[in-house]
Asker: 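Supplied in C-alpha cells, the structure appears directly below.
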Amino acid sequence: MPIRVNLPDECGLGLALTVIGGRWKSVILWELHERALRFGELRRRLPGISEKVLYEQLREMERDGVVRREAFEEAVLRVEYSLTPAGTALNDAAHVLAEWGLVHAGRNTLPAAAE
C-alpha cells in the first residue's frame, strides 16, 4: 500500500515523498541508480525484503513513472529494472536530502561508498 504524505496536493515535496515513502522505495531507488538490475540481483542487495514486497514496491514505482521494467525474450525470460529519467532526477534530489540529513545529524558528508 502506498504511503500517503499529509501535505496539500499542490506541495511538490509531498508528492515526491509519496513516491519514495515507506521502508524500501528509497533503497530501491538508490540500488538502481548505477545500472539496471534483475529482480534476483536487486533482492540480494536488499537483505530483509521479501519477494512479494519487492515485487509490489517495484510495481508501484513503475506506476509512478520512476522505474522501468524491461523484459527480454531469450531462452529464459530475463527482466531488468532501471530508473527512468524521472527516477534519476528523483534519486538526485534524494541524494541532496541525504546530505542534508547527515549534516543536520552532525556528520559532514555521505560515507565514501555512498557517493
Asker: Measure the NZ-CG distance between K25 and L17 for me, rounded to the nearest 0.5 Å.
Answerer: 11.5 Å
Asker: Would you be so kind as to tabulate the donor-acceptor pairs closer than 3.5 Å made by side chains of residues 45-53, with sequence neighbours excluded?
Answerer:
{"from": "R45", "atom 1": "NH1", "to": "E31", "atom 2": "OE1", "distance (Å)": "3.0"}
{"from": "S50", "atom 1": "OG", "to": "V53", "atom 2": "N", "distance (Å)": "3.1"}
{"from": "E51", "atom 1": "OE2", "to": "R43", "atom 2": "NH1", "distance (Å)": "3.4"}
{"from": "K52", "atom 1": "NZ", "to": "E56", "atom 2": "OE2", "distance (Å)": "2.7"}

Asker: If I compare all heavy atoms of R23 with all of V27, which pair ends up nearest, and what's the gap?
Answerer: O-CG2, 4.0 Å
Asker: Of the non-hydrogen atoms in A71 and L77, which two are nearest, and what is the gap between them?
Answerer: CB-CD1, 4.1 Å
Asker: May I ask you to say whether E60 pairs ionically with R63, meaning some side-chain N is under 4.0 Å from a carboxylate O?
Answerer: no
Asker: Taking the side chain as C-beta and beyond, is there a heavy-atom pair between V67 and R69 under 4.5 Å?
Answerer: no
Asker: For the residue pair I28 and L54, establish whether any side-chain heavy-atom pair is separated by less than 4.5 Å.
Answerer: yes
Asker: List the steps, then state whether side-chain contact (heavy atoms from CB on, under 4.5 Å) holds for F39 with L58.
Answerer: CA-CA 9 Å; F39 185 88; L58 287 167; 3.9 Å; yes
Asker: Starting at CG of L29, measure out to CD of Q57 and round the result to the nearest 0.5 Å.
Answerer: 12.0 Å
Asker: Quick one: pull up CE in M61 and CG in L83 and give me the separation to the nearest 0.5 Å.
Answerer: 7.0 Å
Asker: Let me confirm one number: the CG-CG distance from L102 to L97, rounded to the nearest 0.5 Å.
Answerer: 11.0 Å
Asker: Suppose we screen for side chain to side chain contact (heavy atoms under 4.5 Å, CB included). Which residues come up paired with R78, at least two apart in sequence or across chains?
Answerer: R38, F72, E74, E80
Asker: Determine whether R68 and S82 satisfy the following criterion, side chain to side chain donor-acceptor pair (under 3.5 Å), listing intermediate values before the conclusion.
Answerer: CA-CA 5 Å; R68 173 186 308 111; S82 60; 3.2 Å; yes
Asker: Please list, chain by chain and in numerical order, all residues satisfying side chain to side chain contact (heavy atoms under 4.5 Å, CB included) with A75, sequence neighbours excluded.
Answerer: none
